[in-house]
Chemist: 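First, the structure itself, so that you have it in front of you.
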There are 2 protein chains.
Amino acid sequence: MTVSRREQILQVAARLFAERGYQSVGMDDIGAAVGISGPALYKHFRGKEAMLTELLVDISEKLLARGLERAAIEEPAQALAALIEGQVEFALRHPDLITLHDHALNQVPTAERHRIRRVQRAYVEIWVEVALKAHPGRLDDREARAAVHAAFGLINSTPHTLRTPQRILAPMLRRMALGALSAAAAR
Amino acid sequence: MTVSRREQILQVAARLFAERGYQSVGMDDIGAAVGISGPALYKHFRGKEAMLTELLVDISEKLLARGLERAAIEEPAQALAALIEGQVEFALRHPDLITLHDHALNQVPTAERHRIRRVQRAYVEIWVEVALKAHPGRLDDREARAAVHAAFGLINSTPHTLRTPQRILAPMLRRMALGALSAAAAR
DNA sequence: GCCTCAAGTTAACCTTCGTTCACCTGCCCC
DNA sequence: GGGGCAGGTGAACGAAGGTTAACTTGAGGC
């Protein structure tokens, strides 16, 4: 598991950003956490914002890629279950990134922020389409979108719940997300 | 609807903090947003941290009070529904405060943070007890706690979904939260 | 053996921003 | 009608922190 120094820095920065908040983490803190000192980070990144941007772009693109894979399943109910499973896995594996994902987006420069938002919207769109197919006639577009956001909120709450063992948490979250979406459609 | 200047400042500060993040909002910004200039805020508050602290203490105590009320209902399923309804109402009425509640807690000074955390834990405890009674034998303590956190995540996701009209969103969130908790218990 | 370059180092710079200070101004009260 | 206080103002201060600069060093390539 040898990661390049660059990746090591990104991982550490993600953890610190998630724990203390982007603005509360100094370049010196990040440097110290990987054993080098503040300004040395500029040999690897253009600056602090660039690190955050790269993290958020990576996350959103990874999620989108995973979403496209899982949504390809023909049977809508199975596709929905696969999407849920993917999101749960991701949230449990990368709680820091999940936290960053909705805490720190405003801190990235406008241009890049729009790019990230586009990718996020595409990901949401995948879910909405699958949810609509999985509950045909029970949800309109607007409701489906709201329901999907709520499901994200449910699944992405895991950073608050990491005390619970994953073998228990993962299946419970899958059940809950599925149950929540069914309930949303049970008008 | 005449609010004191003090309250006006708190409301505006909450909005700005929620929108841009605590650290990204300057005292001058807050002042400008209420028509006075930076340092004048010190006539009303000890400082920036004091404003945030007061906001977070208020929120957690209001939620706890509301929770205690609703949990007093004897029938566990009804109590759970009432808790859900209360949280949904609060989240829809005060999206800024909900956002602050889990984005900015780390920014308040340690001593006060612990106080707030205690109140939050008490609120969670209320939910856990009601959830356990509402689904007797189907959840152990740890599972119930995880499920409750997930339900909070679901309900508190509303700041992302404010485009949807409340008369649609509110009942949908209630259904989804109830459905999610039932699914958690349906082992 | 030397050149180069990647990857560090420390010191310094400069902006931002929370906070303090000294001062002003109505309004209320007796 | 003169204190006194609540609520402002603008200027200044000081610390924090992102970034830059100048310099060092060790490992390959020719």
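If you're wondering where the values come from, they're calculated on a predicted model, not measured in any experiment.
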Chemist: At less than 4.0 Å, is any side-chain N or O atom of A:His44 found next to OP1 or OP2 of C:dG8? Yes or no.
Modeler: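 Result: yes.
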Chemist: Checking B:Gln120 against B:Arg117: is there a side-chain donor and acceptor pair closer than 3.5 Å?
Modeler: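 Judged by distance alone, the side chains do not pair up.
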Chemist: Sort out for me which residue in A:Glu7, A:Arg5, A:Gln11 forms a side chain to side chain contact (heavy atoms under 4.5 Å, CB included) with A:Ile9.
Modeler: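 The residue from A:Glu7, A:Arg5, A:Gln11 that satisfies side chain to side chain contact (heavy atoms under 4.5 Å, CB included) with A:Ile9 turns out to be A:Arg5.
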Chemist: Output one line per pair: protein atom, nucleotide atom from nucleotides 21-26 of chain C, and distance, for all N/O pairs under 3.5 Å.
Modeler:
none

Chemist: Taking any atom under 4.0 angstrom from a heavy atom of chain B, which nucleotides of DNA chain D are the first and last to qualify, 5' to 3'?
Modeler: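 Here the contact window of chain B covers D:dG7 to D:dA11.
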Chemist: Which residue pairs pass the side chain to side chain donor-acceptor pair (under 3.5 Å) test when at least one of the two sits in residues 136-153 of chain A, sequence neighbours left out?
Modeler: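 As it turns out, the side chain to side chain donor-acceptor pair (under 3.5 Å) pairs with a partner in residues 136-153 of chain A, which skip direct neighbours, are A:Glu125-A:Arg145, A:Asp141-A:Arg145, A:Glu143-A:Arg187.
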Chemist: Residues two or more places apart in sequence or in another chain: which of them pass salt bridge (charged side-chain N to carboxylate O under 4.0 Å, His left out) with A:Arg6?
Modeler: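 By the salt bridge (charged side-chain N to carboxylate O under 4.0 Å, His left out) rule, A:Arg6 matches A:Glu54.
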Chemist: Please, which pairs that meet ring pair (Phe, Tyr, Trp, His ring centres under 6.0 Å) have at least one residue in residues 53-86 of chain B, sequence neighbours excluded?
Modeler: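 Of all non-adjacent pairs touching residues 53-86 of chain B, none passes ring pair (Phe, Tyr, Trp, His ring centres under 6.0 Å).
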Chemist: Applying salt bridge (charged side-chain N to carboxylate O under 4.0 Å, His left out), name anything that partners B:Glu61, two or more places apart in sequence or on another chain.
Modeler: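 Listed in chain order: nothing, the list is empty.
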Chemist: Identify every side-chain donor-acceptor pair in residues 79-87 of chain B under 3.5 Å, counting partners at least two apart or on other chains, and give the distances.
Modeler:
from	atom 1	to	atom 2	distance (Å)
B:Glu85	OE1	B:Arg70	NH1	3.2
B:Gln87	OE1	B:Tyr123	OH	2.6
B:Gln87	NE2	B:Asn156	OD1	2.8

Chemist: Find the distance B:Met51:CE to C:dG18:P and express it as a whole number of Å.
Modeler: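 So the two atoms are 11 Å apart, to the nearest Å.
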Chemist: Can you tell me the distance, in whole Å, between the CG atom of A:Leu41 and the P atom of C:dT10?
Modeler: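 So the two atoms are 13 Å apart, to the nearest Å.
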Chemist: A:Ile9 CD1 to C:dA7 C1': how many Å, rounded?
Modeler: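 So the CD1-C1' distance, A:Ile9 to C:dA7, works out to 10 Å.
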Chemist: Pairs under 3.5 angstrom only: tabulate donor-acceptor contacts from the side chains of residues 26-49 of chain B to other protein residues two or more places apart or in another chain.
Modeler:
from	atom 1	to	atom 2	distance (Å)
B:Asp29	OD2	B:Gly26	N	2.9
B:Lys48	NZ	B:Tyr22	O	3.2
B:Lys48	NZ	B:Val25	O	2.8

Chemist: In chain order, what residues pass the salt bridge (charged side-chain N to carboxylate O under 4.0 Å, His left out) check against B:Arg115, with sequence neighbours excluded?
Modeler: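 For B:Arg115, the residues satisfying salt bridge (charged side-chain N to carboxylate O under 4.0 Å, His left out) (neighbours in sequence not counted) are B:Glu112.
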Chemist: Apply ring-ring contact (aromatic ring centres under 6.0 Å, His included) to B:His101 and list each qualifying residue two or more places apart in sequence or on a separate chain.
Modeler: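 Counting only residues at least two positions away or on another chain, B:His101 forms no ring-ring contact (aromatic ring centres under 6.0 Å, His included).
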Chemist: Short of 4.0 Å, heavy atom to strand atom, which residues of residues 14-35 of chain B count as contacting DNA chain C?
Modeler: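 Residues of residues 14-35 of chain B that come under 4.0 Å of DNA chain C are, in numerical order, B:Val25, B:Gly26, B:Met27.
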Chemist: For B:Arg15, give me all partners under salt bridge (charged side-chain N to carboxylate O under 4.0 Å, His left out), at least two apart in sequence or on another chain.
Modeler: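 Per chain and number, B:Arg15 pairs via salt bridge (charged side-chain N to carboxylate O under 4.0 Å, His left out) with B:Glu19.
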Chemist: Base, sugar-phosphate, or nothing: which does A:Gly38 touch, judged by heavy atoms less than 4.0 Å apart?
Modeler: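 Since no nucleic acid heavy atom lies under 4.0 Å of A:Gly38, the category is nothing.
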